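Data block below; observations after.
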Amino acid sequence: MLPLEKSNAGKSRSSQLSDQDQKRYITIPFSNLDSPITFTTAHAAVAADSYYRHQKSLGHSPHYLAGIKDHSRSTQQISRSDVDEMFSRGDAYRNQFQKQMDLLQIHPDKIFRTKSEVHKKTVTDFFRKLITNNDIYTCRVDGLHCTRCHIAISHDPHPTSVPPSQCPDCQGELEPIHEDPYFFRLKKFEKLILRHIQNHSDFIKPQFLKIELENRIKSGLKDVIVSRPTFEYGIPIPGETDQIIAGWFEGLIGYISALADSENNQRFLDYWPAHIQMVQSETVWMHAVAWPAMLLAGEVSLPERIFVTGDWNVDIDSDHPSLPASTSPCEIAEIFGSDSVRYFLLSHVPFGMNAVFQVSEFHKSIQRNLIHDLDGLTQRTLSLTQKVFHGTIPDPEGYDGDPEIRSLGEQLCKDIRENIATLQFSRILDEFGHTVRSLRYLLEENKPWTWPQKGPEGLPARKFFYSLLESLRILAHQIGPFLPTTSARMLTLLGISPESELSPSDEKWGQLEVGKTLPPPSPLFPEFESAKFDTQSSSNNPLRKSS
RNA sequence: GGGCCCAUAGCUCAACGGUUAGAGCACCGGACUCAUAAUCCGUCGGUUCCAGGUUCGAAUCCUGGUGGGCCUACCA
């Protein structure tokens, strides 16, 4: 059974979802076969992963989709005559993709392949339906084809302007072509899409892109070609032998075909419409205009939110040796640990903004926020606990927590809840840092290391340390969706098995087991120390070893 | 050509029309040792790009400049 067989489906979210078990569908862009994981793709994937883990920590059942486009141009060119080679390359890429995701602790529910039969069938059904509805038509055009970049232009069944003499992209020479391509009636949906964007202020984020798109739609849409001349690998157009469905068109439908399951329509009914679709800036037009139009034509509900992620570049560092532009976030994660990379990607800029990866900035940020602040607080608290209480969790005798320390934790939980809904990861990590620094300040102000003279294991000290340890536990739980490894390490140091799933009740005060013996303190970021990274010297730069 | 965004301390950025425009980094100075990588405190730092306008009141709103960035669909 395929999703589209009940294509009017697509639940009304408010009526069918209880707060207890929200089934939110989160997607990231499908990866092109053979493209490496970049900071841009990792950024979106880490963000989606963090949101997904947060949903789970609330007790919900989200579904996180990643995918691979098997029908990319590179495979068409190289392995046109060899199906087996294409499949084996796709499989190899999938394994590599999985490995890289693992390195960053990104765990989607599914890595979808567009070579799958279910995708082929869904796309074919979808295409057929749009032909039946007369939203796809075929029409003879006299177009132009760029001999350099192989892009066809001037494909307009009702041309309104003079055809250009040079390729607008590369200034290459143009040659005339005559085809009978299939058009999708994008123009027909112009007003509907515009209205949808205007009426749903969250449909496209960030906001500035919404304004830009509104203006572009207002200036008029043209019908768009959804076919390509024959290649070996692509999904054939029903009833045609020499044309296939354009890759972008087919790829978009992947978000739906990935929800097909063998038994029935249930997964599609549960998870569509998507809650968040993260897309790259270069495909905004396709995702925010063409995709909604396709869904409208196919009588499928529109996704709730299209979130356009920022572009990242690896760039020259004026004061320090720069990295090769091809440096991958996975290489960085291998050396410095996954959470360092996750932290930097999520915190460096507000989600959706463009950014530059500079190794000195990265290093400074981790050093300050994670090692100095977070690990510093953890080590100080734990080593004092070792000294004063012989490494056991002190008994506060029913005391329900230092009000100031407690309110810091409560405030953090509240801030995270408020900011996660709008994907403001950098703000969440800022708030986290603020809480950590406030706790450090309290420690500094109270100077508990001077207390032993006044009575080392007295009730005031036990109350204070219990509160501190308990707030560390809350910090560890709260940071879990964003920095899973660090969270697990912190929990281990607090004598809690990190295996246990995060849950909403983790917010509740007073869960540490009094009297429990804690393991000896160990650093939260050992990778950083072992990397012995020196931003001043390129000879000592571990990233240089392979370049 | 059309459209969008940005301009605030040396750097990176905050500030919902309303106290004296704030943080972090860097610099400089002084302490300290509970801390796996030391740490703590303090000083210094501003014509909010320019010119007008609205207002009791403008970094914030409006108009016009100047400078910078980005987008402008049928490759996947």
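Proteins get letters first, then strands, A, B, ... in listed order; numbering begins at 1 in each. Not measured: the values here are computed from a predicted model.
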Under 4.0 Å between a side-chain N or O of A/His372 and OP1 or OP2 of B/rG24?
-> no
Does A/Arg368 place a side-chain N or O at less than 4.0 Å from the phosphate oxygens OP1/OP2 of B/rC25?
-> yes
Pick base, sugar-phosphate or nothing for A/Gly220, based on heavy-atom distances below 4.0 Å to the nucleic acid.
-> base
Indicate, with a heavy-atom threshold strictly under 4.0 Å, whether A/Arg427 touches base, sugar-phosphate, or nothing.
-> nothing
Roughly, in whole Å, what's the span from [atom1] in [X] to [atom2] in [N]?
| X | N | atom1 | atom2 | answer |
| --- | --- | --- | --- | --- |
| A/Ile211 | B/rC70 | CD1 | P | 19 Å |
| A/Arg380 | B/rA37 | CZ | C1' | 14 Å |
| A/Leu429 | B/rG24 | CG | P | 18 Å |

Toward the 5' end of RNA chain B, which comes first, A/Leu209 or A/Thr283, by nearest nucleotide?
-> A/Leu209
Taking for A/Leu443 and for A/Leu186 the nucleotide of RNA chain B with the nearest heavy atom, the one nearer the 5' end belongs to A/Leu443
Any donor-acceptor N or O pair under 3.5 Å, side chains A/Tyr137, A/Asp223 | yes
Is any side-chain N of the basic residue among A/Arg437 and A/Glu444 closer than 4.0 Å to the acidic one's carboxylate O?
-> no
Should the pair A/Arg185-A/Asp135 be classified as a salt bridge under the 4.0 Å nitrogen-to-oxygen rule?
-> no
Between A/His43 and A/Phe39, is the ring centre distance below 6.0 Å?
-> no
For RNA chain B, stems built from three or more consecutive Watson-Crick or G-U wobble pairs below 3.5 Å | B:1-7 with B:66-72, B:10-13 with B:22-25, B:28-31 with B:39-42, B:49-53 with B:61-65
